[in-house]
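Comments concern the structure below.
Just so it is clear, the values below take in all heavy atoms, side chains as well, and ignore hydrogens, waters and symmetry mates. Residue numbering restarts at 1 for every chain, and letters A, B, ... go by the order of the sequence lines.
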Number of protein chains: 2
Amino acid sequence: MSCVTTLKKKGMKLTTQRRLILDIIHDSGGHLTAEEILDYVQARVPGVNKSTIYRTLELLEDLGCVFKSKLGDRFIYHHAEGGHHHHLVCQTCGKSIDCDEDLFLPAERAVNEKYGFRAEFKHVLISGLCADCRDKT
Amino acid sequence: MSCVTTLKKKGMKLTTQRRLILDIIHDSGGHLTAEEILDYVQARVPGVNKSTIYRTLELLEDLGCVFKSKLGDRFIYHHAEGGHHHHLVCQTCGKSIDCDEDLFLPAERAVNEKYGFRAEFKHVLISGLCADCRDKT
DNA sequence: TTTCATGCAAATGATTTGCATAGTC
DNA sequence: GACTATGCAAATCATTTGCATGAAA
């Protein structure tokens, strides 16, 4: 079910701003900060306010349309299509590579067996060096 | 080499505040936020200022005496003795369990082979449910 | 026209910084 | 006594909130 449909089902309104934000998050394959989203939105519709961005992102997260994770000291957002996965984020060039959700299965099993700890690995951002930047050093 | 020795070697001064902060981080096996450290310090020496806590923590991090990681939307600190390891942090009770640094070896190998990505897993905080809290549900 | 969403401006809360004073070496 | 560290108060900076106005259904 599309985000738009979900919105309407809940009696929420499909405004220009919301449509824009949805578009931008879908179009950018990667992940964006709230401020980057604000910039993109304002490039198309000047006058849109920060609060709207934050409120809309929170809304979309609640609806399950968008995922929010932490990168450094701020939050980043990306669309929720294609199920769960993780991100490899290059420290040098900032590029982001998607990788599949099974990545942490061994780690999950290990902590469950050793400590009975039920770890949650959802949309983890993994910091490091991508192949290109690694070779350039 | 102890943190105190390192401090002195660099011509830095060993003040009451710095000694206190070091003690507290060493004594608490787990991890503390800057504010928690502030509370502990003020319990013993009233009048110590936030800025001092933050400045000292930054200093200790630079010296390699203390590690800083992110938990939720704030930073947490813990001592750097005993080498690298990760933390299992319970979402419910807040308890923290140390686990060894090899935990992510399979994940590291996987992303290296698939994408040539050199992942850095250092002092990762893993969120989830500890055995006690899991059973209480 | 009813209700929800937006813009604005001000609040928040963790962390940082400038500067005069106090403490360590 | 020289030089560093501290306390204080004010500044940052991302994010949040209250409220009157504007837009969608």
Does a nitrogen or oxygen in the side chain of B:Thr52 sit under 4.0 Å from OP1 or OP2 of D:dG7? yes
Of B:Lys13 and B:Gln17, the one whose closest nucleotide on DNA chain D sits nearer the 5' end is B:Lys13
Within a 6.0 Å radius of atom NZ on A:Lys70, are there more than 12 heavy atoms belonging to other residues, nucleotides or ligands? yes
Using 30° and 60° as the class limits, which term best fits the ring planes of B:Phe67 and B:His78: parallel, tilted or perpendicular? tilted
Separation of A:Ile53 atom CD1 from C:dT6 atom C1', in whole Å? 11 Å
B:Lys8 NZ to C:dC25 P, in whole Å, measures 6 Å
So that I can tick it off, tell me whether B:Lys114 and A:Asp100 are bridged by a salt bridge, with the cut-off set at under 4.0 angstrom between side-chain N and carboxylate O. yes
Between A:Lys50 (NZ) and D:dC13 (P), how many Å, whole number? 10 Å
Atom CG of A:Asn49 and atom P of D:dT15: how far apart are they, to the nearest Å? 14 Å
For a 4.5 angstrom cut-off between non-hydrogen side-chain atoms, does A:Ile76 reach A:Leu125? yes
I want to confirm an ordering. Mapping B:Ala34 and B:Thr15 to their closest nucleotides on DNA chain C, which one lands closer to the 5' end? B:Ala34
Assign the ring pair B:Phe104 / B:His86 to parallel, tilted or perpendicular, where the plane angle (0 to 90°) is split at 30° and 60°. perpendicular
Identify which nucleotide among D:dT6, C:dT6, D:dT15 has an atom closest to any side-chain atom of A:Phe75, counting heavy atoms from C-beta outward. D:dT15
In whole Å, what is the span from the CZ atom of A:Arg55 to the C1' atom of C:dA9? 12 Å
Between atom CG in B:Leu59 and atom P in D:dA5, what is the gap in whole Å? 7 Å
Mind checking B:Ser51 for me? I need base, sugar-phosphate or nothing, with any heavy atom below 4.0 Å counting as a touch. base
For A:Arg19 and D:dA25, give me the distance from atom CZ to atom P, rounded to whole Å. 9 Å
Check the distance between C:dG13's C1' and B:Glu36's CD and give it to me in whole angstrom. 16 Å
Mind checking A:Arg18 for me? I need base, sugar-phosphate or nothing, with any heavy atom below 4.0 Å counting as a touch. sugar-phosphate
Are B:Tyr54 and C:dT15 close enough that a side-chain N or O sits under 4.0 Å from OP1 or OP2? yes
